[in-house]
Structure formats: structure tokens, C-alpha cells
Amino acid sequence: RKEVEQDPGPFNVPEGATVAFNCTYSNSASQSFFWYRQDCRKEPKLLMSVYSSGNEDGRFTAQLNRASQYISLLIRDSKLSDSATYLCVVNQFSGGYNKLIFGAGTRLAVHP
Amino acid sequence: EPEVTQTPSHQVTQMGQEVILRCVPISNHLYFYWYRQILGQKVEFLVSFYNNEISEKSEIFDDQFSVERPDGSNFTLKIRSTKLEDSAMYFCASSELGPGQFFGPGTRLTVL
């Protein structure tokens with residue numbers, strides 16, 4: 001089983017749509033969780049951390065369910081500029097050090 | 001806003017040659033990382049570095065790879081004898097105490 005699994009997409013949505021991405025992780029010892037965004041041939045950029053209580057940043061809402069080992073990202077009122085690959089990332093902390101484990105990403109294409 | 005920088009942006013080399021990829025992490029960060037991304041695949045952890053020594057490395061990071069912090073600002077990844085399958089984007093990242101890591105723009109390595 002992959003450590004971090006995501007639906008590869010692509011998700012093709014019109015501007016203004018709401019889109020949801022899901023992610024599952026296999027290592028229950030994983031300690032912190034993130035969504036990164038990656039544009040074509042660019043570096044991953046930290047979008048937001050994910051907390052069990054759920055957290056929101058403008059149009060973006062992230063949720064974590066530790067019992068189900070499930071992470072989600074909701075984008076409301078999507079913009080053309082949201083087109084990118086969204087990476088679900090899990091941090092494993094061991095021996096005092098952090099290691100990020102990336103999912104393969106879900107591609108989003110927002111069209112006019 | 002401080003950022004991680006990497007040079008060169010693109011490196012072309014012949015199989016069997018040595019390459020050194022360079023990174024300047026964010027100045028007050030203490031933890032440094034290298035990741036790689038083969039075209040069309042997910043981002044993979046290579047190595048983490050703290051207090052002038054490797055703290056963790058993946059199975060990919062074999063004897064052909066080494067890292068060094070030669071001075072107070074640079075962080076380098078050396079591949080001793082490149083193979084065709086080393087062709088990838090190599091990302092440097094850095095972080096403070098917490099798990100949130102910030103990535104450089106990457107070096108595209110092409111091995112011919």
C-alpha cells in the first residue's frame with residue numbers, strides 16, 4: 001500500500017466551482033500534515049497545514065481525520081490561477097527529525 | 001521574503017561524471033533536505049541534514065550520493081558517478097524547528 005494516496009485526476013472544473021481533494025495515508029505514526037501546490041516544472045509550495053480541528057485560509061479549507069487516516073482539501077469559488085497539482089504531504093517525525101512523504105498529486109484544471 | 005535558492009537551474013552531464021548541485025537555504029533555518037522528482041513522478045525524500053551531519057537518508061541515497069555544508073551558507077549534493085536514472089529535478093528544502101519545509105526552485109539534472 002502506498003504511504004500517501006491521492007486520486008491523480010485531472011479534475012476539470014469551471015471557474016467558480018467548488019472542488020474537493022481527498023488523500024489517505026498508511027502510517028498511523030504520521031504526525032503532521034500539509035497540502036502543497038506544484039505548478040508545472042516548479043517547486044512544491046506550502047499551501048497550508050492541516051489540523052484535526054479543521055482549518056480555513058480564504059477559499060481553502062483543510063480537514064484531517066486521524067481515525068480514518070484521511071485528509072481533505074476543499075477549494076471554493078475556484079479561479080483560473082488555482083490550476084496546478086495539489087500534493088498531499090505527511091510529515092514523519094522520528095529520532096528528532098522530520099521527513100516529508102509526498103503523494104503523487106491531484107491535477108486541477110480550472111477553465112473559463 | 002526569504003527564499004531557498006539553487007544553482008544551476010539546469011545541469012547536463014555525461015553518464016559517469018560527477019555533479020555538484022548547490023543550494024543556499026533560508027538563513028535562520030537549521031534543517032536542510034534534498035528531494036528529487038523524476039519527470040511525471042512524485043517528490044521523493046533523499047536526505048536530511050542537521051548540525052553538520054546526516055540525520056536520515058532514504059534507500060535512494062546510496063554511496064554515490066553525499067551532502068556537505070562547506071561554509072555557513074551553502075548546502076551541496078554531490079553525485080559521484082551519474083547514471084541515466086539520476087535524471088530528475090532535485091529540490092533543496094530548509095526548515096526551522098518545525099516540520100514546515102520551504103523548497104528551492106530546483107535543479108534539473110539531465111544525464112546523457
Side-chain angles (χ1 to χ4, degrees), chain A residues 1-10 21 23-27 29-52 55 57 60 62 64 71 84-107, chain B residues 1-6 9-10 21 23 25-26 29-61 67 87-110:
Chain A
R1 185 181 168 189
K2 291 179 187 173
E3 288 187 274
V4 180
E5 282 204 72
Q6 297 182 248
D7 182 336
F21 302 131
C23 169
T24 56
Y25 61 95
S26 60
N27 188 341
S30 300
Q31 302 214 333
S32 41
F33 309 88
F34 306 91
W35 284 99
Y36 276 73
R37 169 197 167 124
Q38 187 174 31
D39 293 286
C40 190
R41 296 180 182 268
K42 300 281 190 182
E43 74 272 26
K45 289 190 175 172
L46 179 62
L47 184 64
M48 58 197 303
S49 302
V50 190
Y51 305 113
S52 298
N55 48 302
D57 183 2
F60 299 83
L64 165 66
I71 306 162
T85 297
Y86 289 83
L87 308 175
C88 177
V89 183
V90 166
N91 181 64
Q92 291 178 356
F93 183 76
S94 65
Y97 303 106
N98 297 294
K99 177 172 79 173
L100 296 184
I101 307 296
F102 282 78
T106 300
R107 199 150 58 85
Chain B
E1 188 180 321
E3 56 186 22
V4 177
T5 59
Q6 289 185 244
S9 56
H10 191 188
L21 309 183
C23 168
I26 294 173
H29 285 185
L30 302 174
Y31 299 86
F32 314 117
Y33 311 85
W34 284 100
Y35 292 81
R36 81 169 185 191
Q37 187 174 31
I38 294 170
L39 187 64
Q41 297 187 24
K42 65 178 184 177
V43 178
E44 300 174 289
F45 170 80
L46 291 178
V47 66
S48 59
F49 191 87
Y50 171 72
N51 201 26
N52 283 319
E53 59 183 28
I54 290 174
S55 45
E56 189 166 354
K57 57 185 180 179
S58 71
E59 292 173 356
I60 303 167
F61 195 89
V67 289
S87 295
M89 279 290 283
Y90 287 81
F91 294 109
C92 173
S94 68
S95 69
E96 295 178 285
L97 276 174
Q101 295 178 24
F102 295 87
F103 284 72
T107 293
R108 179 175 304 283
L109 177 64
T110 302

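Since we're looking at a predicted model, the values are computed, not measured. So you know, we letter chains A, B, ... as the sequences are listed, proteins then strands, and number each from 1.
- Tyr50(B) touches chain A through its side chain: at least one heavy atom from C-beta onward sits under 4.5 Å away, while N, CA, C and O do not.
- The structure places SG of Cys92(B) at 11.5 Å from CD of Glu43(A), a figure rounded to the nearest 0.5 Å.
- If you check the side chains of Gln37(B) and Gln38(A), you find a donor sitting under 3.5 Å from an acceptor.
- Contact detail for Gly100(B) and Phe34(A): the closest heavy-atom pair is N-CZ, 4.1 Å.
- Contact tally against chain A (heavy-atom pairs below 4.5 Å) for Met89(B), Gln6(B), Arg108(B), Glu44(B): the top residue is Arg108(B).
- To the nearest 0.5 Å, atoms CD (Gln6(A)) and NZ (Lys42(B)) are separated by 10.0 Å.
- Between Leu100(A) and Tyr35(B) there is a side-chain heavy-atom pair separated by less than 4.5 Å.
- Between chain A and the options Ser48(B), Ala93(B), Gly104(B), heavy-atom pairs under 4.5 Å are most frequent for Gly104(B).
- Heavy-atom minimum distance, Lys42(A) versus Phe91(B): O-CZ, 3.6 Å.
- At a 4.5 Å heavy-atom cutoff, the contact between Ser32(A) and chain B is made by side-chain atoms alone.
- Within the 4.5 Å cutoff, the side chain of Gln101(B) has no heavy atoms near those of the Leu46(A) side chain.
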